[in-house]
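Beneath this line is the structure, given in structure tokens, with notes to follow.
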Amino acid sequence: MKKPFWTDAVVYQIYPRSFCDSNGDGIGDIPGIISKLDYLKDLGVDILWLSPIYESPQFDIGYDISDYYKINPEYGTMEDFDRLLEEAKKRGIRIVMDLVANHTSDQHPWFKASKDKNSPYHDYYVWMDGKDGGKRPPNNWTSNFTGPAWTYVPEVGQWYLHIFSAEQPDLNWKNPKVLEEVENIIRFYLDKGVYGFRCDVINQIWKDSYEDSKRITPMARGNEFYLMKEGNHRMLRKIYDDVLSHYDDFVMIGETYNVDLENGKRFQENKELTMFFQFELANVRAFALPVFERPFSAKRFKEVAFKWQKAIEWPTNYLENHDQRRSINKFGDPKRYWKESGKALALFNLTLRGTPFVYQGEEIGMLDLPPRDPATSMDCSARMTNQLMTKMGFVKGLRKKMINLFDRDHARSPMQWNDGISAGFSSNENTWICANPNKNCINVALEEKDPDSILSFYRTLLAYRRKSPALQEGSFLEIETKGDLIAYRRKLGDEEILILLNLTKKKLRLPPFLRSIEGKLALSTREPGDDPTVLLPYEGRLIELA
Ligand code: NOJ
Ligand code: CA
């Protein structure tokens with residue numbers, strides 16, 4: 001059997017609103033993406049995942065869809081999209097769409113029609129009577145974006161469920177019509193030549209029951225009734241049987257919030273999903289609430305990453321996306337060791353077993369925005385949390401500090417192409433979200449000129465990976481080390497690669513058994529020091545073993 005395309009592929013995530021603006025309206029668009037395909041080809045990526053580009057009121061920047069069959073006019077037309085598919089194909093690049101199927105926009109015609117209790121669309125969503133004669137929500141669940149997970153609509157006399165904002169009503173997957181609609185959307189795009197989907201919060205589509213939650217978690221209370229239920233597995237398998245199994249090669253990449261090993265394995269082994277994102281590594285610094293974080297520990301980082309590497313047959317690796325802060329800010333050192341830590345994180349992400357994902361700007365070491373007033377954030381969840389904290393009496397300084405830890409604007413600022421107006425993202429200086437003021441020091445044009453840059457390192461490493469079956473498909477072999485040192489091997493047939501990595505600001509001495517290993521240093525994140533038995537801060541080595 002032919003190997004599926006995704007096995008050796010590297011995925012690059014594009015956040016279309018912030019990638020490249022072709023017509024100067026301050027908003028990224030599809031022609032902008034097309035104009036950068038050669039850059040992406042040179043970088044060495046194979047699949048582009050586009051965050052949602054469908055028609056949408058953009059309350060949650062496209063994760064609130066009002067028409068699955070239309071392109072958001074700000075981004076272009078269906079003809080533009082077809083041209084993107086064609087131009088990408090010419091370069092051997094495939095396109096993955098974002099499938100948001102847990103909810104729609106409240107502006108979707110289905111939702112508007114659902115307000116009529118006699119309409120067949122009423123049952124497309126979760127409408128329920130409230131408690132206490134209808135005055136209180138049907139249960140005590142809270143939304144992921146703060147506040148109750150229910151909104152009352154007087155004209156209907158009922159409440160509707162929304163696990164995210166009120167602008168994102170949840171679909172009712174117990175209605176077979178909903179499954180049918182989603183299957184039609186999938187078919188439509190696969191038939192157009194799309195390679196597959198990244199499936200938004202796909203492990204919470206099935207709600208088992210609508211009881212009160214007994215848990216005291218302040219956010220997402222109620223998710224014991226809708227996270228990874230049997231019905232969820234059943235729906236995904238049905239989509240495979242009904243639709244996907246009729247296609248030759250495709251990907252279904254699950255965004256599986258707080259997935260555990262058991263469910264993750266099941267999603268994959270039962271063909272419910274091709275790959276899935278785990279959240280444990282991205283959240284390795286989180287406390288119970290996202291507004292707190294603990295210091296970075298390379299040891300903990302290693303333990304979590306290795307746990308998934310060892311347990312999952314084909315892992316999905318990422319350090320950044322549009323919901324996370326920039327990885328150098330979270331796991332590296334944005335000041336003293338910006339370049340070294342950017343390369344060290346790349347070495348890690350791109351040499352683990354599985355499919356690696358690179359988020360736009362990660363390849364040039366883009367950083368978080370400077371701390372800002374959450375009231376002016378473009379991120380609806382940051383704004384909503386700010387409103388809640390204001391109500392609760394938090395002073396502004398504290399709100400700013402805490403929300404800054406998860407404000408999703410950080411990773412959504414315009415891609416920094418050069419040091420010109422709006423970082424070369426747009427000819428307009430009023431962009432939908434401001435460019436990072438560090439654009440003069442961090443941008444593609446500068447990185448391209450410098451053979452020692454983070455971008456050059458990505459290009460070299462991705463080219464290396466392409467020629468290395470051990471990195472692409474080899475086994476992952478942990479090397480047990482105490483403390484912060486990260487060490488592992490990748491092996492396939494005769495080819496064996498050793499990775500040694502220091503993700504700390506201090507020097508790390510190699511243990512005796514690693515000092516005597518013979519091999520050829522093929523790539524490194526920085527010039528080694530005089531003593532080869534010591535890894536300098538953020539030094540990473542890729543060694544070909546004899
Ligand atoms: C996960 C997406 O990545 C995020 O951006 C969005 O806000 C939620 N799902 C809701 O769709
Ligand atoms: Ca534009």
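One-based numbering, in listed order, for ligands and for the atoms of each. By convention here, the first residue in the shown sequence is residue 1. This one's a predicted model, so the numbers in the text were calculated from it and none came from an experiment.
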Do [X] and [Y] have ring centres separated by under 6.0 Å?
| X | Y | value |
| --- | --- | --- |
| Y124 | H122 | no |
| Y359 | W49 | no |
| W417 | Y39 | yes |

K439 with D419: basic N within carboxylate O range, under 4.0 Å | no
Check ion pair R383-D409 (N to O, under 4.0 angstrom) | no
Evaluate the side-chain contact (heavy atoms from CB on, under 4.5 Å) criterion for residues Y15 and M415: first the C-alpha distance (whole Å), next the side-chain angles of each, then the deciding distance (0.1 Å), finally the verdict.
-> CA-CA 9 Å; Y15 197 65; M415 177 71 185; over 6 Å; no
Run through the protein N/O/S atoms less than 3.0 Å from the Ca ion (ligand 2) and write them out by chain and number.
->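 Those protein N, O or S atoms (cut-off: under 3.0 Å from the Ca ion (ligand 2)) are D21 OD1, N23 OD1, D25 OD1, I27 O, D29 OD2.
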Flag, side chain of S66 to backbone of S105, donor-acceptor distance under 3.5 Å | no
Q168 pairs by side-chain hydrogen bond (donor to acceptor under 3.5 Å, both in side chains) with which of D64, D60, N144, N102?
->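 In the set D64, D60, N144, N102, the residue that makes a side-chain hydrogen bond (donor to acceptor under 3.5 Å, both in side chains) with Q168 is D60.
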Compute both the distance and the angle, then confirm whether R325 meets the cation-pi test with F406: under 6.0 Å from the six-membered ring centre, within 45 degrees of the axis.
->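 No, R325 does not lie over the aromatic ring of F406.
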Lining ligand 1 at under 4.0 Å, by non-hydrogen atom distance, are residues D60, Y63, H103, F145, F164, R198, D200, V201, E255, H322, D323, R408, R412
